[in-house]
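Just below is one structure, and these are the notes that go with it.
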Amino acid sequence: MATTEHPPSRLRGWMLQGLSDMGKRGGLTGPHAEPEPPHRGQRWWRVMCLTGVDYFSTLGYQPGIAALAAGLLSPLATIVLVVVTLAGALPVYRRVAQESPHGQGSIAMLERLLSFWKGKLFVLTLLGFAATDFLITITLSAADASTHLVENPHLTSTLHGHQMVITLILVALLGAVFLKGFLEAMGVAVALVGIYLALNLVVVITGLWHVLTAEHVVTDWTNALTVQHGNVFVMIGVALIVFPKLALGLSGFETGVAVMPHVQGDEGDTEERPAGRIRDTKKLLTTAAVIMSCFLITTSFITTLLIPAAEFKPGGQANGRALAFLAHEYLGNAFGTVYDVSTIAILWFAGASAMAGLLNLMPRYLPRYGMAPHWARAVRPMVIVFILIAFLVTWLFDANVDKQGGAYATGVLVLISSAAIAVTIAARKAGQRGWTVGFGVISAVFLYTTVANVIERPDGVKIGACFIAGIMLVSLLSRLARSFELRVTSVAMDPMAERFVRDMASRKIRFIANEPDNRDRAEYRDKIEQIRTDNDMPEQEDFVFVEVTVADPSEFETCLTVRGEVLHNRYRVLTVESSSIPNALAALLLHVRDLTGRTPHIFFEWTEGNPFANFLRFFLFGQGEVAPVTREVLREAEPDRVRRPRVHTG
C-alpha cells in the first residue's frame, strides 16, 4: 500500500522527527502499535520521585490555599483530606494499577467498558478534564515558582510587579526544553525530591519547635476556634464542608499510575502478567501517599498557628508560599533562599512532568480515533500547541495561584471520580461484592466533592468545558477531514482466502461487493446476474464476493482479517469485519494488488438515497454510499492511476 512520498523540508523534518505514517510498520500508536522493546526499568522508589515532582511540589502552595479556604480550621480540614487520601484515593489507584498495569490509567479502563460513539465521546470528555489537570499543573506551578522568586527578600525590589512576565518565561523555557528533546532524567527527579523533602522536614521541625516552646500559640488557636465555631462537632462539620476546597492535595495519583511502565518489577514479569511491576507500583503509591499525608498535616498545623491570617491573602508575604515564609522568618534569608531555589526547581520540574503526561495521553487516543491530524503523533508540534494554550491560561488567570486552584481541583477530582467509578465497575464484574460496596462509597464521596467544588468554584468546570469543547470540535473536524484516509493498519488472510486470490491471479481479478442478507443461493445468483447485466459482461467471467460487516464504526484504525468460504458448493465469498466498509474494501484491493502484482477490479451497485445523508451514514456508521467513497479512498491512497485498483458501478 505504499505511495509516492516527497522529501520534507528541513524544518518540517525537524518538527515531525520520529513520526511515521500510519501505514508503515512501526508507525502506529494505540492497540495496533508494535510493542516497545523491553527495558530494565527503575526501582520503585526512584520512579516515586518522578511522580513526586508533581505530587510533593504541591507543598509549595497547598498550605496557603488550605489556610485561605478553611482559616483556623485548616489543620482539621487537612486531616479530613488525609483520611480521604489514605482511605479513598489510595485504594482506588492501587486497584487501577492492578487493572491497567501499562500506564493507561482509569481512562483506558472506562474505554474498555464503553464502545461505539458513546465511549469515544466519554473518553474525549475525560481527556478534556485531564488536559485541564495537566495544563493547569504547568501554569499553576510556574505561577507559584515565580511567586517564590518575586517574594524572595533579595529580589523583591527588582522583580516586584513582573510576575506575569516571569511566569510566561518559565512556561516558554519548559517548552524550549521539550522542543530540544526531553529525556526523563530520573536522577534529577530523585535529587530534586530528596533535597526538597529534606528542606521541608527542616522547616516542619523548626515550626513544630516554635509551636511547642511558645505555649500561648496553641492556646490562642484553640480559644479562637472555640469562639468561632462553638464545639468540636461544629468544627468537624465545617471541616467536612470546606474539604472540597483542599482537593489540590489529592493530585499526583494519576501521574503515579502513568509512570508504571518505568517500574522495574521482577525478572519473571511479562507484559501480560507484570506482577512485580504491579506490586512495586502499589508500594510507590502507598509510600508517596503516606509521606505526603504527614507533610500535609504538619505543614497546615504550623502555617496556621505561626503565620498571621492577613499574610495568606493576595498581596501578603505568605500568599502562595507559606512554608517559604516560615523558612525566611525562622531560619534566616540564606536558608530561605536555598528553600526558594529548591521550590522553584521542583515546581518547574512538576510542569515538565505534566507536559510529559500530556504528550503521553493525547497521542494515545486522539490519532487512534481519527480525531487528530498525523502530526499530533509527533512531540514538537504538540509541545507548541500546549505551550500556546498555557500562555493563554496564564494570561486569563493573571499568573495567580489562588485563581487557578479551582480549575486545578476540578481536573483532579473528575479524574479521581472517574477512576473510582472504573474500579467499582471492575470489582462488580469480578464478583467482589465487598470491594464493590467499598469502591461505590468512595465514588459517592468523590462525586460529592467534585460537585461541591464545581458549585463553590465554577471557574474549574468552565475552563474544563472550554477544553472539552475545543477537543470535541477539533476532533470532529479532524475526523471529517480524514474521512477518506486509508486507515487499515494491516491485512491478514486465512488459507482459504489466499487460495481464492492465487486462483484469480492467473486471470482477471474480479470482486463483487455484496451486502449480506439471507446469504442463500438466490442472493448470490441474482447478484451476479445484476452485475453482468449492469456492466454488459459475458457469462464466462467469474467473481469472488466480498462481504464487510461493520463492527464498531467509531473506531478509526483497524486490522483486517479476511476469511474465505465456499457457499452452496459454488460461490466463493471473502468475509471481513471492519469499522468502515469502503476502507476495508480499498485496503483489501490494495493488498491483493501488492500480493499478486495484478490490478484487481471491484463491482458495485449504486446506493439509493440522498448523497449528503449517505455521507453522514458513512461518517458515523461506516456505511452509506460505498462505491464512490471506496474509489475516493483508493485515489488518496494511490495517486498513480495506472497502479490504482479499478472501481465499477452499475
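Keep in mind it's a predicted model, so treat the numbers as computed, not measured. Computed from heavy atoms alone, side chains included, the values below leave out hydrogens, waters and symmetry copies. Numbers here are sequence positions counted from 1.
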Atom of [X], atom of [Y] and distance for their closest heavy-atom approach:
| X | Y | result |
| --- | --- | --- |
| Leu447 | Ser417 | N-OG, 3.9 Å |
| Ser578 | Leu560 | CB-CD2, 3.7 Å |
| Ala142 | Leu170 | O-CD1, 3.6 Å |
| Ala289 | Ser293 | O-OG, 2.7 Å |
| Ala97 | Ile278 | O-CG1, 3.8 Å |
| Val383 | Gly175 | CG1-O, 3.7 Å |

Taking salt bridge (Lys or Arg N to Asp or Glu O under 4.0 Å) as the test, write out the residues that go with [X], two or more places apart.
| X | result |
| --- | --- |
| Arg94 | none |
| Asp133 | none |
| Glu577 | none |

Got [X] and [Y] here, is their nearest side-chain heavy-atom distance under 4.5 Å?
| X | Y | answer |
| --- | --- | --- |
| Tyr93 | Ile416 | yes |
| Ile421 | Phe446 | no |
| Val92 | Ile442 | yes |
| Met109 | Ile425 | no |
| Ser141 | Phe349 | no |

Does a donor on one side chain and an acceptor on the other come within less than 3.5 Å for Thr394 and Thr167?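 Distance-only check fails for Thr394 and Thr167.
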For Ser443 and Thr424, does a side-chain donor sit closer than 3.5 Å to a side-chain acceptor?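 Yes, a side-chain donor-acceptor pair sits under 3.5 Å.
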Between the main-chain N or O of Thr558 and the side-chain N or O of Thr489, is there a donor-acceptor pair closer than 3.5 Å?
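Yes, the answer is positive, given that a donor and an acceptor are paired below the 3.5 Å cut-off.
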For the side chain of Ser300 and the backbone of Ile297, is there at least one donor-acceptor N/O pair under 3.5 Å apart?
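Between the backbone of Ile297 and the side chain of Ser300 there is a qualifying donor-acceptor contact (under 3.5 Å).
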My understanding is that only residues two or more places apart in sequence, or in another chain, count here; which of them pass side chain to side chain donor-acceptor pair (under 3.5 Å) with Thr139?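 Scan of Thr139 (side chain to side chain donor-acceptor pair (under 3.5 Å), adjacent residues dropped) gives Gln404.
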**OP:** Tell me, please, which residues at least two apart from Tyr196 pass side chain to side chain donor-acceptor pair (under 3.5 Å).
**Re:**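 Side chain to side chain donor-acceptor pair (under 3.5 Å) check on Tyr196 returns nothing, list empty.
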Kindly compute the distance separating [atom1] ([X]) from [atom2] ([Y]), expressed to the nearest 0.5 Å.
| X | Y | atom1 | atom2 | result |
| --- | --- | --- | --- | --- |
| Ile291 | Thr286 | CD1 | OG1 | 11.0 Å |
| Ser74 | Leu68 | OG | CG | 9.5 Å |
| Arg95 | Lys282 | CZ | NZ | 8.0 Å |
| Trp44 | Cys49 | CH2 | SG | 9.5 Å |
| Ile346 | Asp54 | CD1 | CG | 9.5 Å |
| Met260 | Gln98 | CE | CD | 9.5 Å |

**Prompt:** In terms of the angle between their ring planes, are Tyr55 and Phe253 parallel, tilted or perpendicular, with boundaries placed at 30° and 60°?
**Reply:**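 Rings of Tyr55 and Phe253: tilted, 30 to 60°.
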(message) Looking at Arg428, I'd like to know if its CZ atom is crowded, meaning that more than 12 non-hydrogen atoms belonging to other residues, nucleotides or ligands lie closer than 6.0 Å.
(response)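 Open: at most 12 neighbouring heavy atoms sit under 6.0 Å from CZ of Arg428.
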(request) Please assess Thr299 against Gln62 for the test side-chain contact (heavy atoms from CB on, under 4.5 Å), listing each intermediate value before the final yes or no. (result) CA-CA 9 Å; Thr299 55; Gln62 174 71 13; over 6 Å; no
Next item on the list: May I have the step-by-step check of side-chain contact (heavy atoms from CB on, under 4.5 Å) for Leu90 and Leu285, ending in yes or no?
Entry: CA-CA 7 Å; Leu90 179 59; Leu285 294 169; 3.9 Å; yes
Pairs touching residues 378-399 that satisfy ring-ring contact (aromatic ring centres under 6.0 Å, His included), sequence neighbours left out
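For residues 378-399, and leaving out neighbouring residues, there are no ring-ring contact (aromatic ring centres under 6.0 Å, His included) pairs at all.
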Under the criterion side-chain contact (heavy atoms from CB on, under 4.5 Å), I'd like the reasoning laid out for Phe56 against Met292: C-alpha separation, chi angles, the key distance, then a yes or no. CA-CA 7 Å; Phe56 299 142; Met292 189 63 172; 3.9 Å; yes
| query | Where do Gln264 and Asp280 land on the side-chain contact (heavy atoms from CB on, under 4.5 Å) test, with the steps shown first? | reply | CA-CA 8 Å; Gln264 184 175 355; Asp280 286 351; 5.8 Å; no
